[in-house]
Amino acid sequence: MLPVQHKWESKHGVTLIGDAAHLMSPFAGAGANLAMLDAAELGLSMMNNSDLDEAIKEYEVKMFEYAGEMAAVTKSSMEIFFSQNAVETLSEMMNSHAEG
Ligand SMILES: Cc1cc2nc3c(=O)[nH]c(=O)nc-3n(C[C@H](O)[C@H](O)[C@H](O)COP(=O)(O)OP(=O)(O)OC[C@H]3O[C@@H](n4cnc5c(N)ncnc54)[C@H](O)[C@@H]3O)c2cc1C
């Protein structure tokens, strides 16, 4: 896993998408979805900017925000799964989802 809110300074002509950019624990079912979102966001930024480095920066600002939020979600889910009262907490969560 990479640290939650992991980011880097934008580099000329290169960026990362998917797990390479934001490897997180698999406790939210998010990684593959984020990888596809990254590809779409980077593609959109490249369409909207004639300057490639500006497109990369625009994509990275957005990606750091949504990937950071999801990394925090997966981290707290992982902590629940490995906690002493995992069964009780997960049962409550499932019941709450079923009711909601
Ligand atoms: C147990 C588990 C459950 C998960 N469940 C979900 C889920 O329910 N929903 C969800 O959205 N995500 C889930 N994920 C996360 C998801 O699998 C990843 O986030 C996603 O596959 C990342 O895609 P990627 O293309 O960035 O990387 P990868 O899928 O890892 O693809 C990278 C590819 O690059 C290749 N490669 C590596 N090095 C080189 C090299 N030097 N040269 C050439 N090729 C190379 C690798 O062989 C690999 O094929 C889960 C992950 C795990 C571990």
Side-chain angles (χ1 to χ4, degrees):
M1 281 186 338
L2 288 165
V4 171
Q5 300 292 347
H6 169 75
K7 47 181 80 167
W8 60 85
E9 281 197 23
S10 206
K11 300 272 187 298
H12 170 65
V14 64
T15 190
L16 297 170
I17 64 171
D19 279 6
H22 43 63
L23 183 65
M24 57 189 75
S25 78
F27 289 94
N33 292 284
L34 287 177
M36 290 187 284
L37 180 59
D38 292 345
E41 288 291 355
L42 180 57
L44 277 175
S45 292
M46 289 169 71
M47 277 173 56
N48 294 335
N49 284 286
S50 52
D51 181 326
L52 180 61
D53 288 332
E54 282 306 311
I56 287 173
K57 274 187 204 150
E58 185 182 284
Y59 152 72
E60 287 172 346
V61 166
K62 272 194 201 162
M63 180 273 289
F64 288 144
E65 189 174 337
Y66 61 68
E69 283 170 14
M70 194 48 73
V73 171
T74 69
K75 182 172 180 281
S76 38
S77 295
M78 182 180 67
E79 286 164 359
I80 292 170
F81 270 83
F82 287 103
S83 65
Q84 292 288 339
N85 55 346
V87 172
E88 293 80 9
T89 311
L90 289 167
S91 297
E92 279 168 27
M93 284 170 68
M94 293 299 167
N95 286 336
S96 151
H97 281 304
E99 285 162 13

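Position 1 is the first residue of the sequence, and the numbers go up from there. What's counted below: heavy atoms across the whole structure, side chains too, no hydrogens, waters or symmetry copies. For ligands, and for the atoms within them, numbers begin at 1 and follow the listed sequence.
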Determine, counting only non-hydrogen atoms of the protein, whether one lies under 4.0 angstrom from atom 3 (C) of ligand 1.
yes

Within the protein, is there a heavy atom lying under 4.0 Å from atom 7 (C) of ligand 1?
yes

Answer yes or no: does an N/O atom from Gly29 fall short of 3.5 Å to an N/O atom of ligand 1?
yes

Can you name the atoms of ligand 1, numbered from 1 with element, that are less than 4.0 Å from a heavy atom of Gly18?
26 (O)

Among all the protein's heavy atoms, is there at least one whose distance to atom 43 (C) of ligand 1 comes out below 4.0 Å?
no

Distance below 4.0 Å between atom 26 (O) of ligand 1 and any protein heavy atom?
yes

Over 60° means perpendicular and under 30° means parallel, so classify the ring planes of Phe82 and Phe27, tilted if in between.
perpendicular

Are any non-hydrogen protein atoms located under 4.0 Å from atom 18 (C) of ligand 1?
yes

Salt bridge or not for Glu54 and Lys57, using N-O below 4.0 Å?
yes

State, to 0.1 Å, how close Asn33 and Gly29 come at their nearest heavy-atom pair, and which atoms those are.
ND2-O, 3.2 Å

Protein non-hydrogen atom below 4.0 angstrom of atom 51 (C) of ligand 1 present
yes

Atoms of ligand 1 less than 4.0 Å from Asn33 heavy atoms?
10 (C), 11 (O)

Heavy-atom distances under 4.0 Å are what count here, so tell me which part of Ala32 touches ligand 1: side chain, backbone, both or neither.
both

Would a 4.0 Å cut-off, counted as strictly less than, catch a protein heavy atom around atom 47 (O) of ligand 1?
no

